[in-house]
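If you read the sequence from its start, that first residue is 1, and numbering goes on from there. Computed over heavy atoms, backbone and side chain alike; hydrogens, waters and symmetry mates excluded.
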Amino acid sequence: KKYLHNLQDRHIHVDVRRGLIQIDQATLEVGPLAQLLDSVIPPGWELRCAEARGIRLEMPWKELRRRSTVLCIEIVSATFVQHSHGFCGASAPEQCDYWTAAAGRRRTADFETYAAAKDGPSEMTLADAVSTGLQMNVDRLEFQVERCRGRAPSPILAADVQDLFWGPVDPRLQRMTRYAAAESAASSSRELRVGAVSLRAADAPAVSAAAHGAG
């Protein structure tokens, strides 16, 4: 429920024995999701709202330390707001609340990073093992970008991403294992794959491309 809200019982289907949870549709919590995507979305982009349909979570209860948990989503729809210094930042007549909140988030992140480094490495919990081995498949991701304060046509950009995969390269990697510094990369390797992307800017025709990336 950290990432979902306004769930209705008729949209939730659980099979404990098979480790299967299905949700027909849900509204996503903006705060936790934005924090999760902080290192992914471009600077100045604010997640305004998001919804998902056809959510399926498969958890191998008996092998959580050895097998990946798989999250499949049919469609994700999201809206972002683009903030720029020229329109609503320090160089604008009136600065919007986004920049103040962003500065606060940076201070909090710096403090948490310092505290974690000071405390040293901690033992990996079962929840850490599940999240580390999570494999996510999204059939279709639709999002649009609007400009803050409506100073440009809305939306200024729309995108349609298909067949997106994000997760560990090898789902069989051992979980709950402490690695030496020289081997730590092997325990956190991830791969990003995208089947196709279609982009449409304001007053411009759509541009499509097939893509494949790894990182």
**Message:** Applying side chain to side chain contact (heavy atoms under 4.5 Å, CB included) to Gln82 and Ile156, what does each step give before you reach the verdict?
**Reply:** CA-CA 9 Å; Gln82 182 192 46; Ile156 59 174; 3.3 Å; yes
**Request:** Just do the side chain to side chain contact (heavy atoms under 4.5 Å, CB included) check on Glu146 and Thr79 with the steps written out, would you?
**Result:** CA-CA 8 Å; Glu146 303 173 352; Thr79 298; 4.0 Å; yes
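Met136 CE to Ile73 CD1: the interatomic distance, rounded to the nearest 0.5 Å, is 6.5 Å. Rounding to the nearest 0.5 Å gives a distance of 12.5 Å between CD of Gln144 and CZ of Arg200. Separating the CD1 atom in Ile41 from the CZ atom in Phe80 is a distance of 5.5 Å, to the nearest 0.5 Å.
Shown here are the side-chain contact (heavy atoms from CB on, under 4.5 Å) partners of Asn137, two or more places apart in sequence or in another chain: Val70, Cys72, Phe165. Residues passing the side chain to side chain donor-acceptor pair (under 3.5 Å) test with Ser77 are Glu142, sequence neighbours excluded. Remark: Asp160 engages Arg140 in a salt bridge (Lys or Arg N to Asp or Glu O under 4.0 Å) (not counting sequence neighbours).
Closest approach of Asp139 and Glu74 over heavy atoms only: CB-O, 3.2 Å. Leu199 and Ala159 make their closest contact through CD2-CB, 3.4 Å (heavy atoms, listed as atom of the first residue, atom of the second, distance).
Each salt bridge (charged side-chain N to carboxylate O under 4.0 Å, His left out) pair with one or both residues in residues 75-85, not counting sequence neighbours, would appear here, but there are none.
Linking ILVMFWY side-chain heavy atoms closer than 4.5 Å, directly or via other members, places Ile75 and Tyr3 in two distinct hydrophobic clusters. No single ILVMFWY cluster, assembled from side-chain heavy atoms under 4.5 Å apart, contains both Leu134 and Leu20.
Taking 4.5 Å as the limit, some side-chain heavy atom of Met59 sits within range of a side-chain heavy atom of Leu57.
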Solution key, residues 43-56 side-chain donor-acceptor pairs under 3.5 Å, sequence neighbours excluded:
residue: Glu46; atom: OE1; partner: His83; partner atom: NE2; Å: 2.6
residue: Arg56; atom: NE; partner: Glu58; partner atom: OE2; Å: 2.7
residue: Arg56; atom: NH2; partner: Glu58; partner atom: OE2; Å: 3.4

Distance-only criterion, 3.5 Å: show the donor-acceptor pairs between side-chain atoms of residues 9-16 and protein atoms not counting sequence neighbours.
residue: Arg10; atom: NH1; partner: Gln8; partner atom: OE1; Å: 2.3
residue: Arg10; atom: NH2; partner: Gln8; partner atom: OE1; Å: 3.0
residue: His13; atom: NE2; partner: Asp24; partner atom: OD1; Å: 3.3
residue: His13; atom: NE2; partner: Asp24; partner atom: OD2; Å: 3.1
residue: Asp15; atom: OD1; partner: Arg17; partner atom: N; Å: 3.3
residue: Asp15; atom: OD1; partner: Arg18; partner atom: N; Å: 3.2

